[in-house]
**Q** 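Right, I'll just put the structure down here and ask away after.
Values reported hereafter were calculated over all heavy atoms of this structure, with side chains retained and with hydrogens, waters and symmetry mates removed. Lettering follows sequence order; numbering is per chain, from 1. Treat the numbers as computed from the prediction; the structure is a model and nothing was measured.
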Amino acid sequence: MASRYDPQAAEPKWREAWANADLFKAQTPAEAGDKPKAYVLEMFPYPSGRLHMGHVRNYAMGDVVARHKKAKGYNVLHPMGWDAFGMPAENAAMEKNVHPGEWTYQNIAAMKAQFEKLGLSLDWSREFATCDPDYYGEQQRLFLKFMDQGLVYQKNAKVNWDPVDNTVLANEQVIDGKGWRSGAPVEQRELVQWFFRITDYAEDLLEEVQKLDRWPEKVRTMQANWIGRSEGLQMRFEWASAAPTGFEAGVEIFTTRPDTLYGASFVALSPDHPLTVDMAANNTDLEAFRAECAKVGTSEADIEKAPKMGFDTGLTVKHPLIEGLTLPVYVANFVLMGYGTGAIFACPAHDQRDFDFARKYDLPILPVVKPIDKDTASATWVTSGQGGDMEAAYTGPGTIMNSADLDGKEIADAKSIAIGKIEALQLGQGTVNYRLRDWGVSRQRYWGCPIPVIHCDDCGIVPVPESDLPVKLPDDVSFEKPGNPLVHHPTWKDVACPKCGKSAQRETDTLDTFNDSSWYFARFASVDDPAERAYWLPVDQYVGGVEHAVLHLLYARFFMRAMRDVGEVDLPSGEPFAGLFTQGMVTHETYKTDDGRWITPAEVEERDGSLSEIGSNHSVSVGAIEKMSKSKKNVVDPDNIIATFGADTARWFVLSDSPPERDVEWTQSGAEGAGRFVQRVWSIFNALSDTEQPVDASDTDAATALRRVSHKATAAIDKAIEEFRFNSAIATVHEWVSALKKAEQAGDEVLRARFEGASMLARSLVPFMPHLAEECWHLIGGEGLCSAAAWPDVDSALLVEDSVTMPIQVNGKRRAEISVAKIASKDDIEAIALAEPALQAFIDGKTIKKVIVVPGRIVNIVV
RNA sequence: GCCCGCGUGGUGGAAUUGGUAGACACGAGGGACUUAAAAUCCCUUUCCGAUUUCGGAGUGCCGGUUCGAGUCCGGCCGCGGGCACCA
């Protein structure tokens, strides 16, 4: 009998056995019968070409859930595919002169081979890549349905334009106001873009996200903030000066502070407000001002530094509540066109931006909120009523003043009264505003899903007929010229108008790749059967990185609502993911040589007690523990780990120690420790493999004690897995294994209990280390495949001890311990406790005021 | 600036209805086996004091509630994350 477990031999053997048994194929609803379903999904990967440790952790977690559910008798769907469109493929095409499709499918093949080594319980029969024409063709059909339903529209929008690469850049791709590739200063440009009406669902998305009780609180908060609901007043200020043509009604503004209306000192328009644009056409100074505003970048730092700039239009409006008061109308650079109405009224005393602006342009500052806070209230400005020595706007709580009949009201009350007044004057109404913008989905890229519309000079925008779908990407493209290869393609965009037959042009924009990941889980559920989709959806447990907390998870929630509303999916709530878990990253120490190069962990060795670079004389210093990344080179290749220790060790390590939602630091010694543990587990089974299982015997105390350990551990692991406390489950396994190991020293009286424990242990290990579990199961003569076995039954009688150890405290300090029968009454426990010899020194001669007995927990004697 | 989290040994962390703080692991130290090494096994490992049995302190800091607080409440300090000229 071998004395060591050899994962290199065992792991492929068992994976083959699972594959032959087709073990992880989801059952159809009919096959499943009464079984409950469990749809377990990890965020599908981008096929970069290599698996990294972050993937291993992500998919190991999902696999724990999927395998556990299977063992608990669920019909499990656990599919995998590829999020295959995107920029890296185009970059590779430019750098290596390889077609993006070829590059992508090669990467998929390479990664799939790596995936298979991990022993994941995946149903590969549903695999697809989002760049498969079948998939994106279906996406095009959905796009057209959305368009039909009015959920898609085109409009002019400001975008980041790189003048060298001739392309639109996402905000994330603009670094310090320059294009990330070209380094050219980015311009703001107006372009016609396609949009999805995600804002139609703003209220529902916000309301429903609060109800997702199996989502992390953090993610729900982030989504709520992103949607950014605010209640306020939308109203118009009527002209005091002559009304500009086309804007006779006045200036429409939005405010969340109608309570400060009496403190208004000016009205401000966005530089991009239609009225501003209109006026600028005949006013070169204003046009110059607008250009100045456009120069300021969109990055955080720029905005922070940007001074308040204003332009006095010379126009004036009437204050709605103060007879005879007029307010100047400015154009101000801090007013955004994208929020509210693109115009505001300013109350400088209670808004910092308005305050800065008022000080700069010498506009009135009239405080209308009297602070509750004493220090602030003592300032002269409160009583002076004219701003006085105010150094900053006051935005805290208080009561209204200087505001006619609003005086003395609380802010909240004043708000509703002010809204009522404006409504009575028919100048506006209370309203709700959202920060959420419609989703701009146009990308001037090749490697994405073509937007299936045709532009005809006569008919306008014409949808591609369904029979012509998919609109396939052309293969013969060149990346020589900068910009979108689809535009440069000689023939692809030339097409006859489906309506009138005249020559027309295809849309050359492709869809933002976030579209691809917004419905892939529905495609996994079924290629085209709505009933099967309804059976599987929503995803019961979704697992992925927190970096998708807003974008992907919000888009997917929108997509399911849109698909529901066009009759594409039967999902009444519109919520795609009932349970969400966001896992932490895998980190590693960083290493830097004395000449300033980052080097990989594999290039570091210990020499004379300090670290050096292998094969050189450079000493190495240890840097911060960071997320594994190519730039810092602190990466550990899963392939190497699997080759050295086996997949089970890698899985075990990334799940142990840290709670799943937190980062875990990869260390060599930790991996070695996990590898040692694998051997330790195996040795328990190896020791039993040549032994005959005893038939029957009544249990001795020692045997019962061991059985208790096994049954308690199984129950604890079960619970910990369900609660995503994998690190706790692993700690329990450690204790259990130690107990079983120790029992090897005892006599035959515990043999039966050892067999029982081993059998339960193998099945409990399946979610974590499936290959090892299988090998161990086989060693003790387990029936069939362990991965197909049911979760071990727990004898609940064995979970309860006959007697319990209880600590005894005197005045809250632990002074002794007693052992009492589980069923002992409070009075009995009290009597035993008070008689405890070790306690006498602490209670002797003192009056006992009170004795608190919590049966099974604690006794506290108060003297 | 606003909104969330989180502060426990040398390290990762456990303590999940307020009830024995430090489970489990890594690291470190000591020992056994061995000619030796590897492998394996055992012991110690929060701090201070007492040679054991023991006593005192201790979960970022200050205070509170409670018989009892890592856990609840108030106020600080520190760290991390998200959002940000959003009216």
**Q** Is it true that F677(A) and H734(A) have ring centroids separated by less than 6.0 Å?
**A**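 For F677(A) and H734(A), the ring centres are under 6.0 Å apart.
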
**Q** Looking at every strand, decide which applies to V335(A) at a 4.0 Å heavy-atom threshold: base, sugar-phosphate, or nothing.
**A**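 Result for V335(A) = base.
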
**Q** Examine distances only and state if a side-chain atom of H350(A) and a backbone atom of V368(A) form a donor-acceptor pair shorter than 3.5 Å.
**A**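 Yes.
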
**Q** Between F266(A) and F357(A), is the gap from one ring center to the other below 6.0 Å?
**A**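 Between F266(A) and F357(A), the centre distance is under 6.0 Å.
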
**Q** Taking the minimum atom-to-atom distance to the side chain of R676(A), which one of A23(B), U16(B), G27(B) wins?
**A**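 Of all the options, the side chain of R676(A) is nearest to G27(B).
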
**Q** Any Lys/Arg nitrogen of E830(A) or K826(A) sitting under 4.0 Å from an Asp/Glu carboxylate oxygen of the other?
**A**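 A salt bridge is absent here (no side-chain N lies under 4.0 Å from a carboxylate O).
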
**Q** Compute both the distance and the angle, then confirm whether R435(A) meets the cation-pi test with W226(A): under 6.0 Å from the six-membered ring centre, within 45 degrees of the axis.
**A**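 Yes, R435(A) and W226(A) form such a contact.
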
**Q** Under 4.0 Å, counting only non-hydrogen atoms across every strand here, what does R257(A) touch: a base, just sugar-phosphate, or nothing?
**A**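 Sugar-phosphate, no base atom in range.
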
**Q** Looking at K308(A) and C85(B), is any side-chain donor or acceptor paired with a base atom of the opposite kind under 3.5 Å?
**A**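 Looking at the base of C85(B), it does pair with a donor or acceptor on the side chain of K308(A) (distance under 3.5 Å).
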
**Q** Distance between the C1' atoms of U71(B) and U65(B), in whole angstroms?
**A**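 One C1' to the other, the span is 14 Å.
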
**Q** Which residues satisfy the salt bridge (Lys or Arg N to Asp or Glu O under 4.0 Å) test with D657(A), sequence neighbours excluded?
**A**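 If we apply the salt bridge (Lys or Arg N to Asp or Glu O under 4.0 Å) test to D657(A), skipping adjacent residues, there are no hits.
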
**Q** Would you tabulate the pairs of protein nitrogen or oxygen atoms and nucleotide nitrogen or oxygen atoms of nucleotides 55-59 of chain B closer than 3.5 angstrom?
**A**
unit_1, atom_1, unit_2, atom_2, d
G56(B), OP1, R815(A), NH2, 3.3
G56(B), OP2, R815(A), NH1, 3.0
A57(B), OP2, K813(A), NZ, 3.2

**Q** Take N727(A) and I852(A), find for each the nucleotide of RNA chain B with the closest heavy atom, and name the residue whose nucleotide sits nearer the 5' end.
**A**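 Here N727(A) is the residue nearer the 5' end.
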
**Q** Using a 3.5 Å limit on both pairing distances, list the dot-bracket string of RNA chain B from the 5' end; Watson-Crick and G-U wobble pairs count, crossing pairs take [ ], interstrand pairs take |.
**A** (((((((..(((......[....)))((((((.......))))))((((....))))..(((((..]....))))))))))))....

**Q** Tell me, do L580(A) and P216(A) make a side-chain contact under 4.5 Å, heavy atoms counted?
**A**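 Of all side-chain heavy-atom pairs linking P216(A) with L580(A), at least one is under 4.5 Å.
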
**Q** Going by heavy atoms in the side chains, are R257(A) and D351(A) under 4.5 Å from each other?
**A**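 No; the side chains remain at least 4.5 Å from each other.
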
**Q** Roughly how many Å apart are G60(B) and U8(B), using the C1' atom of each and rounding to a whole number?
**A**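 Nearest-Å result for U8(B) against G60(B) at atom C1': 10 Å.
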
**Q** Using atom C1' in both nucleotides, what's the gap between U20(B) and A69(B) to the nearest angstrom?
**A**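 That atom pair is separated by 14 Å.
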
**Q** Polar pairs (N or O, both sides) under 3.5 Å between protein and nucleotides 69-76 of chain B?
**A**
none

**Q** If we take the C1' atom in both G64(B) and C54(B), what is their distance in whole Å?
**A**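 To the nearest whole Å, 33 Å.
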
**Q** Taking atom C1' in both A32(B) and A25(B), what distance in whole Å separates the two?
**A**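 Each nucleotide's C1' atom is 23 Å from the other's.
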
**Q** Just checking Q809(A): base, sugar-phosphate only, or nothing, at a heavy-atom cut-off of under 4.0 Å?
**A**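 Q809(A): base contact, heavy atoms under 4.0 Å.
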
**Q** Let me know the distance between CD1 of I829(A) and P of G19(B), rounded to the nearest Å.
**A**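 Atom-to-atom, I829(A) to G19(B), this comes out as 17 Å.
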
**Q** Tabulate protein N/O versus nucleotide N/O from nucleotides 3-6 of chain B, keeping only pairs under 3.5 Å, one per line.
**A**
none

**Q** What parts of residues 855-863 of chain A reach RNA chain B, counting only heavy atoms under 4.0 Å away?
**A**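 R857(A), I858(A), N860(A), V862(A), in order of number.
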
**Q** Are any non-hydrogen side-chain atoms of C776(A) and V681(A) less than 4.5 angstrom apart?
**A**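 Yes, side chains in contact.
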
